[in-house]
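Worksheet for the structure shown next.
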Amino acid sequence: METGESGPSDSSWQAAVGQGGGLLRSVGIGSLELEAGGSLPSVTMAYECWGTLNAAGSNAVLIQHALTGSTHVSRGDSEENGWWEGLVGPGEVIDTDQYFVVCANMLGGCYGTTGPSSIAGDGAPYGSRFPFVTIRDSVHAEARLADQLGITSWHAVIGGSMGGARALEWAVTFPERVRRCAVVAACAASTAEQIAFAQAQVLAIRQDPNFANGDYYDGAAPTLGLGLARRIAHITYRSEAEMGTRFGRNSQAGENPISHGRLRIDGGSPVQERYQVESYLDHQARKLVGRFDANSYIVITEALMSHDVGRGRGTLEEALARTAGVEFLVAAVNSDRLYFPAQSEELAAALPGSVEVRRIDSAIGHDGFLTEVGAVGELLREQFFTD
Ligand SMILES: CC(=O)SCCNC(=O)CCNC(=O)[C@H](O)C(C)(C)COP(=O)(O)OP(=O)(O)OC[C@H]1O[C@@H](n2cnc3c(N)ncnc32)[C@H](O)[C@@H]1OP(=O)(O)O
Ligand SMILES: N[C@@H](CCO)C(=O)O
């Protein structure tokens, strides 16, 4: 991700909105009251955009990233591919010759939006002082960003996994501002099992000796805990069948996991002798540790634990009744064992009108919503981007 020029927090924002995409921008949205109490005094929202907003402000599309995703959906004018590369751009499914596409970094994140690693008013990072935030809080912050960009209602709000939770929360909180909503590999409220997996991840970080109650920014980061959290999470993102087919019981090249102590000495240090799947998880852990802040991981994970569009709104059906004017696309990955297709069916059944759950065919599990960009694009083209 490259850093763009000044964002719309200054007077040049109207010009920025019409430029090529893929560059990180930011805008100040002022103080934000939080659902669980307390407030954040001065919030910056980071976002990227592609295409040009029309004079009526009616051609805007919001794409919501998943747990550790960033604003970088598409390469645009930058040098780095995005996480849904091929979906957004001139002539693509979400054609930036027609649509103005926005992706905002989640409140509490570490890709530009105010989060625990941001500098607070006293000149030090928030660390342990960063408040508990919910998915609903992030949606309120994103609405303020939309206000500043001049977007009164979205042509579509689209997201997968936590992005799907944010998309759905948008439709329920601001139904008058969402004309279409795509909820992919996500459900109406985090389930007991999703909360359970999340707790193990959060505890892995909190129990790292370097965590220092979240105030580790002037010392060593809790990388072991964050790496363990990613391993736990990544197992839930992939299917049992994929791991069996891809790795089986194979040993990692040059390593022998059936050996005394499963350790060998390399350059004077003990090194783990691993199965291939262990090496794979080590790699996933190392990659995340290199690009993500542990406090943000906790804040966003706990926000996702809080996800429940029905909270304070009566029954789920009563909450979703607010969305009567919104057209929905609900899609599930058929091998997803974190956000089971049955949970998408429950959401669809509770929505007003008749919504059929569309399937994304992938053997890999939950991450299929990221790897099967073509299938996601076809569903979107069919229902939301027909012209
Ligand atoms: C700033 C940012 O980058 S934000 C990025 C936004 N990202 C997201 O939103 C999601 C984060 N990403 C992901 O979750 C995943 O990377 C996905 C879902 C996108 C990728 O899934 P896949 O394409 O199926 O990749 P997969 O899980 O197979 O991992 C492949 C990696 O494992 C490595 N690998 C495979 N087998 C092994 C092994 N035995 N030992 C070590 N490494 C291994 C590969 O070399 C490859 O490494 P690389 O990613 O560094 O090139
Ligand atoms: N791989 C995705 C999965 C979360 O849904 C991420 O890290 O954001």
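Hydrogens, waters and symmetry mates play no part in the numbers below; they use all other heavy atoms, side chains included. Every number for a ligand or one of its atoms is a count from 1 in the order of the listing.
- Between F211 and Y216, the ring planes are tilted. Angles from 30° to 60° get that label.
- Using a 4.0 Å cut-off between charged side-chain N and carboxylate O, R359 and E378 make no salt bridge.
- For T371, no nitrogen or oxygen atom sits less than 3.5 Å from a nitrogen or oxygen atom of ligand 1, counting backbone and side chain alike.
- Contact check on E278 versus R262 returns a salt bridge, with a Lys/Arg side-chain nitrogen under 4.0 Å from an Asp/Glu carboxylate oxygen.
- When non-hydrogen atoms are compared, ligand 1 lies under 4.0 Å from the backbone of S279 as well as from its side chain.
- Considering both main-chain and side-chain atoms, Y237 never comes within under 3.5 Å of ligand 2 through any nitrogen or oxygen pair.
- Residue contacts with ligand 1 include K287, since one of its heavy atoms falls under 4.0 Å from the ligand.
- Close approach to L370 involves these atoms of ligand 1, each under 4.0 Å from a residue heavy atom: 10 (C), 18 (C).
- With a heavy-atom cut-off of 4.0 Å, E242 does not touch ligand 1 at all.
- Protein heavy atom at the shortest distance from atom 1 (N) of ligand 2 is D367 OD1, 3.0 Å.
- Both cation-pi conditions hold for R246 and Y280: the charged atom is under 6.0 angstrom from the six-membered ring centre and inside a 45 degree cone around its axis.
- Not a single heavy atom of H65 sits closer than 4.0 Å to an atom of ligand 2.
- Within ligand 1, counting atoms from 1 as listed, the ones closer than 4.0 Å to a heavy atom of W83 are 6 (C).
- Close approach of ligand 1 to Q276 (heavy-atom distance below 4.0 Å) involves ligand atoms 39 (N).
- Inspection of the Q201 and Y297 side chains reveals an N or O donor paired with an N or O acceptor under 3.5 Å.
- Among the atoms of Q252, some N or O lies under 3.5 angstrom from an N or O of ligand 1.
- Evaluated for a side-chain hydrogen bond (donor to acceptor under 3.5 Å, both in side chains) with T173, the options R313, R322, E142, H140 yield exactly one hit, R313.
- For the ligand labelled ligand 2, residue Q284 lies outside the 4.0 Å heavy-atom shell.
- Residue contacts with ligand 1, taken as heavy atom pairs separated by less than 4.0 Å, do not involve Y237 at all.
- Salt-bridge annotation for E48 and R75: absent, with no side-chain N of the basic residue lying under 4.0 Å from a carboxylate O of the acidic one.
- A salt bridge is defined here as a Lys NZ or Arg NE, NH1 or NH2 lying under 4.0 Å from an Asp or Glu carboxylate O, and D336 with R238 fails to meet this definition.
- Heavy-atom proximity to F369, at under 4.0 Å, picks out these atoms of ligand 2: 5 (O).
- Within 6.0 Å of CZ in R291 there are more than 12 heavy atoms belonging to other residues, nucleotides or ligands.
- Within the listing of ligand 2, atoms 8 (O) sit less than 4.0 angstrom from a heavy atom of L67.
- Taking every heavy atom of H366 and a limit of under 4.0 angstrom, the matching atoms of ligand 2 come to 5 (O).
- Ion pair R231/D282 flagged as a salt bridge, since at least one NZ, NE, NH1 or NH2 atom sits closer than 4.0 Å to an Asp/Glu carboxylate oxygen.
- Contact atoms of ligand 2 toward A66: 5 (O), 8 (O) (distance under 4.0 Å to a heavy atom of the residue).
- No part of H72 comes within 4.0 Å of ligand 1, judged by heavy-atom distances.
- Nearest heavy-atom pair across R177 and I151 is NH2-O, 2.7 Å.
- When non-hydrogen atoms are compared, ligand 1 lies under 4.0 Å from the backbone of Y280 as well as from its side chain.
- Close approach to S161 involves these atoms of ligand 2, each under 4.0 Å from a residue heavy atom: 4 (C), 5 (O).
- Surrounding CD of E240 are at most 12 heavy atoms belonging to other residues, nucleotides or ligands under 6.0 Å away.
- Nearest to atom 8 (O) of ligand 2 among the protein's heavy atoms is T68 N, 3.0 Å.
- In the candidate list R246, R291, R274, R291 is nearest to atom 11 (C) of ligand 1, counting heavy atoms.
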Determine, step by step, whether F132 and D137 satisfy the side chain to side chain contact (heavy atoms under 4.5 Å, CB included) criterion, reporting the C-alpha distance in whole Å, the side-chain angles of both residues, the deciding distance to 0.1 Å, and the verdict. CA-CA 10 Å; F132 169 70; D137 288 325; over 6 Å; no
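- Taking a cutoff of 4.0 Å between a charged side-chain nitrogen and a carboxylate oxygen, R206 and D208 do not qualify as a salt bridge.
- In the vicinity of L370, heavy-atom distances shorter than 4.0 Å reach the ligand 2 atoms 1 (N), 2 (C).
- Considering each of R238, R230, Q284, the one bringing a non-hydrogen atom nearest atom 20 (C) of ligand 1 is R238.
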